[in-house]
Structures are given as structure tokens and as C-alpha cells.
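Have a look at the structure below before the remarks.
Naming convention: chains lettered A, B, ... in sequence-line order (proteins, then strands); numbering from 1 in each chain. Note: hydrogens, waters and symmetry copies are ignored here, and every other heavy atom, side chains too, is used. All values derive from a computational prediction rather than experimental measurement.
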Protein chains: 2
Amino acid sequence: MHILIVEDEASIAGFLRKGLEANGFHVQIASDGLMGQKMALDYPYDLIIADVNLPRQNGRDMVEILRRQKVDTPILMLSALGTSNDIITGLDVGADDYLVKPVQFDILMARVRALTRRHTGRLNSEPTLVVGDLVLNQDERTAKRGSRPINLTAKEFQLLEYLMQNQGRVVSRASIAEQVWDMQYTMSSNSIEVYVGILRKKIDQPGSPQLIHTVIGEGYVLRAP
Amino acid sequence: MHILIVEDEASIAGFLRKGLEANGFHVQIASDGLMGQKMALDYPYDLIIADVNLPRQNGRDMVEILRRQKVDTPILMLSALGTSNDIITGLDVGADDYLVKPVQFDILMARVRALTRRHTGRLNSEPTLVVGDLVLNQDERTAKRGSRPINLTAKEFQLLEYLMQNQGRVVSRASIAEQVWDMQYTMSSNSIEVYVGILRKKIDQPGSPQLIHTVIGEGYVLRAP
DNA sequence: TTACCACTATGCATATACTCATCGTTGAAG
DNA sequence: CTTCAACGATGAGTATATGCATAGTGGTAA
């Protein structure tokens, strides 16, 4: 979980970093608005904490520009200003939350948890993936179809995981190659077809409805019946 | 945009409803925690505003139960209690934001906008194209006319996608050839006519109004009836 | 060795893309 | 109202692309 802090006062930035790192977050610091904007565009942080008063470009403008550029990372703004007008404009340019300094660290942590929970709840933190009666437990690295356990090798597991993460969506061979095999897709190999075939034999046994579907010319899709 | 207010004090509930309705939201009110829980499970509200102190079941418990039941609607909590501990437990059971009463309405509105913006951003960005009762989902690569699913091959899908992206506009054979076939248009082939014909057979079945129209000498146009 | 895994090679079956010849429609001129 | 030419639609047939089962190779670890 990566957090970007945009704050020019080194003492505050350090205080936040220390506390956040103690809670298991990775923290990077930008010391002005332009630097913050650049870093936010370069890396998909899970959360951005930004001061309003910043050198070179203030926090509000930075947020507005980031939102215009389709960065949808949650943003928590900090400011010494506590008038309702400040808060409103801060939220309206695209911030998700607003705290007035001096901040109490435990309140900040609670807000950080609330913001990061929503953002990644769907993607990362779920230990199990479910499609129909197929359940994949990412922690235990096990899979089950209904009550029947399924034995998977490492590659098979990765492939199934990727398909389940994209359930309902058609995934191309190219993206499978990138995500599961970590390589460029070349037509010179049919590993993907072979592995899909193996998965089918293990998962879509006759009797239960089929989950893995081929979309000719496009790729594959895992879909609940 | 539908908002559920869970609040037992009629004066506050009425104050909020009036303000929110003036801003274009549809509002429903539940007067205790159990009623709120039931309503939140029954209908996919875009936002829930809940008091902490409620009869029959307090707001914190309600939020916790809703989150357990996978309701992921954004929740904004209100409370007379402003100690950091209250705020923290409120956020940690699954609320997204927390305001201390008495609330200033303009601040509340700003937070409401921030919360609903994020939530619907995800849903609306679903990549679907719609023309009349014809719906094309680009992720799933599926198409439907009304409730009838339509099976399309890759080329057919691309052609329909292009026509739908340009709905209401007449597209020439030349531009279709470029965009769908990736080639210069030469009259030496009638593939386009053939594929339009196939699409017609699949989409414009007798009984429903026709969507694909020929503009002689110009090209084709997809238009809602 | 034996067992297992990741990956490759081959050939078949079939869905799909495209071509061609023919037929239908349209609209303006006679 | 006909006739005719230009334009578009369509059905049948062919070629190609695509996916898949199966068998096989090489590497690794117990």
C-alpha cells in the first residue's frame, strides 16, 4: 500500500511518514505541488495526502489537474484553513476528504483506512475470488468447484486467478501473456491454449455448467452461468 | 441519484431532505436503525447518511452489518459526538466519512458530492454503447437487443461498435474500411455490404424497429427509432 | 529413477472471412 | 407509366484463420 505525501514543511511530512510507516504503509514525499503532480502521474499510489498551501502550485490546483487527467486515486487534503468555504472548494475540485491542521494522528489513520479500503477493496484485499460455484482462495492457493477440491500447478493457478479477477470481461491472449507469463505475446507459442485446455479439463467437467468460454478472435472469458 | 437518510429526529431529517432535494437528489428517510438496514438492503442507494444515535439499532452497528452483507454504498455518518474515538470507530466499521453535528449544510453538500462522485464514477464508466434498445458491452464483448442476446463474431462486433460510436451520423464505406478493416477502401470488394447484411439479419429482426439504415450513395447510419 | 511441470509440435475440425454471380431497388429520363 | 442504369442486397461456395486435443521434449526435484 503506497501513499504519496505532498507537504513542504519537513517536520509535518516526517511526522506523517513515521506514523504511516509504523502502520505498514510505504510512503513517498513530494515537497511542492508540481513535484507532487508529477509523482502522482508517474506511479499509481493508493492514496495521496496533500497540503493546500504548497510552493510552486497549491494543493487545490494540483488536485484539479490530477482529476482532469483521470487520476482517480483517493486524495485527502490537509490545511490550516478551516473555514467552510475552504473545505467546500477542496472537496469540489476532486478531493475525497479534508482535515484541518493540526491533525490528530489517530483520526488521520482512521480516514486513511476508510479511503484505502474503498479503493482497493475490490482488487487486492479480498483473499478469495468467486465465480458461480468456483472459489479460489489466494492465501491458501487452493481452488474448489462446489465442494470438489481442484489441484492446480503454479501456472494453472496464476492463469485461473487472472481470469477470475477479470470475470465477465473478455481477456485477450496478449494480456494473458503479459500478466501471467510476463512476456510479450507472440503467436509462436500455444502455451496459453494448452493451459486453458488443462484448466477446462479440471474445472469444467461434464455435469456442471461451463465457466470458461472462448471468444473466437478475441480471447477467453470466465463467466458465471 | 438516490440518498437514504437514517435519522430519528424529524427536524434534522426534514432539514436535510429539503436541502438535498433542492440540489436534485431523491431522498428517502428511515427513522431507526433496523428500518434503515432493511431499506439499504432493498434498494441500491447512491449514498446513505446515517446518524449514530438511533432507536432500535445504532448507526455504527447498522453500518457494520451492511458492510458484512456486502453493501458497498458510500456511507456518511453524523453524530453529536466529536471525540476522536467516536470518529475512529465510525470510520473503522465501514463508514466513508464522518461529520459532527450541528452540520453546516454547505459542507455536507460538498462531502455528498465527493462521495457520490467517486461511487458512480465506477459504475458509469462501464464501457457500454447504447442505441435505442440495442446495448453493446465492450468489456464482455456481448450485445443485446432488448433482452435478446446477440452472438457476434469479431468482425461483426467491430463493425457494430464502429456504427454505434457514430450513431446518428452517416459513415461512408471508406471510413468503415479504414476503421474496421484497416485498409484503403477499394470498390473491388463488397465485404462491407455483406457484413452489414449479416448485422441486419442479427439485429434488425422483423418485429422491432429498424436501426441500420442505408443512405444510397453515402454509406450507412445507425439510428435510434 | 520416477514423477511432475512448463512448454512445444503437429494435425485435425470448424468457425469465420471473404468472393462472386445473381437478384432486387431506386430514381430520373423518356 | 415504363425503362434503364447505378447501386445495393443476398445466397452459395471457397479459402483461411483459429482453436484444440494429443503426444512429445527437456528440465528439475524428490
Side-chain angles (χ1 to χ4, degrees), chain A residues 141-143 149-163 170-206 210-223, chain B residues 136 141-143 149-163 170-206 208 210-223:
Chain A
R141 307 242 122 202
T142 57
I150 298 168
N151 249 332
L152 297 175
T153 70
K155 264 274 148 8
E156 292 159 13
F157 187 91
Q158 279 183 275
L159 173 59
L160 180 58
E161 188 178 29
Y162 184 62
L163 289 174
V170 175
V171 290
S172 67
R173 279 152 225 278
S175 60
I176 292 175
E178 268 180 43
Q179 298 296 315
V180 179
W181 269 265
D182 263 335
M183 59 175 205
Q184 291 294 330
Y185 174 61
T186 60
M187 315 232 309
S188 62
S189 156
N190 70 339
S191 316
I192 294 175
E193 274 100 333
V194 172
Y195 273 86
V196 169
I198 295 172
L199 273 188
R200 280 205 167 111
K201 240 179 276 171
K202 293 189 175 184
I203 291 166
D204 285 340
Q205 288 182 340
Q210 192 185 349
L211 297 179
I212 302 176
H213 305 268
T214 304
V215 183
I216 296 184
E218 298 293 339
Y220 298 93
V221 58
L222 191 71
R223 178 178 289 134
Chain B
L136 185 125
R141 298 207 97 77
T142 56
I150 299 168
N151 248 332
L152 298 174
T153 70
K155 264 268 144 27
E156 293 159 13
F157 188 92
Q158 279 182 273
L159 174 58
L160 180 58
E161 189 178 27
Y162 184 61
L163 289 174
V170 176
V171 290
S172 66
R173 278 152 226 279
S175 60
I176 292 176
E178 267 180 45
Q179 297 296 316
V180 180
W181 269 265
D182 262 335
M183 60 178 206
Q184 291 295 329
Y185 175 60
T186 60
M187 315 234 310
S188 62
S189 154
N190 73 336
S191 314
I192 294 176
E193 275 97 336
V194 172
Y195 272 86
V196 169
I198 294 171
L199 274 189
R200 280 204 168 112
K201 239 181 279 174
K202 293 190 175 184
I203 291 167
D204 285 341
Q205 288 183 342
S208 343
Q210 193 185 349
L211 296 179
I212 303 176
H213 305 269
T214 304
V215 182
I216 293 187
E218 298 290 335
Y220 298 93
V221 58
L222 190 70
R223 179 179 291 133

Result of checking A:Leu160, A:Asn190, A:Ile212, A:Ile176 against A:Val196 for side chain to side chain contact (heavy atoms under 4.5 Å, CB included): A:Ile212
Nearest heavy atoms of A:Val180 and A:Lys155, plus distance in Å: O-CE, 3.7 Å
Test side-chain contact (heavy atoms from CB on, under 4.5 Å) applied to B:Leu222 and B:Val171, step by step: CA-CA 9 Å; B:Leu222 190 70; B:Val171 290; over 6 Å; no
All salt bridge (charged side-chain N to carboxylate O under 4.0 Å, His left out) counterparts of A:Glu178, not counting sequence neighbours: none
side-chain contact (heavy atoms from CB on, under 4.5 Å) involving A:Gln205 - partner list, sequence neighbours excluded: A:Arg148
Matching residue for B:Glu156 among B:Lys201, B:Lys202, B:Arg200 - test: salt bridge (charged side-chain N to carboxylate O under 4.0 Å, His left out): B:Lys202
For B:Ala154 against A:Ile216, the heavy-atom pair lying closest together: CB-O, 4.1 Å
Those residues that, when tested against B:Glu218, pass salt bridge (charged side-chain N to carboxylate O under 4.0 Å, His left out) (two or more places apart): none
Check: B:Leu211 main-chain N/O paired with B:Asp204 side-chain donor or acceptor under 3.5 Å: yes
Terminal axis angle for the helix from C:dT1-D:dA30 to C:dG30-D:dC1, five pairs an end, nearest 10 degrees: 20°
Leading and trailing nucleotides of DNA chain C with any atom under 4.0 Å from heavy atoms of chain A: C:dC5 to C:dT16
Reading 5' to 3' through nucleotides 2-11 of chain D, protein heavy-atom contacts under 4.0 Å coded B for base, S for sugar-phosphate only, - for none: -----SSSBS
Side-chain donor-acceptor contact under 3.5 Å, A:Arg173 with A:Ser189: no
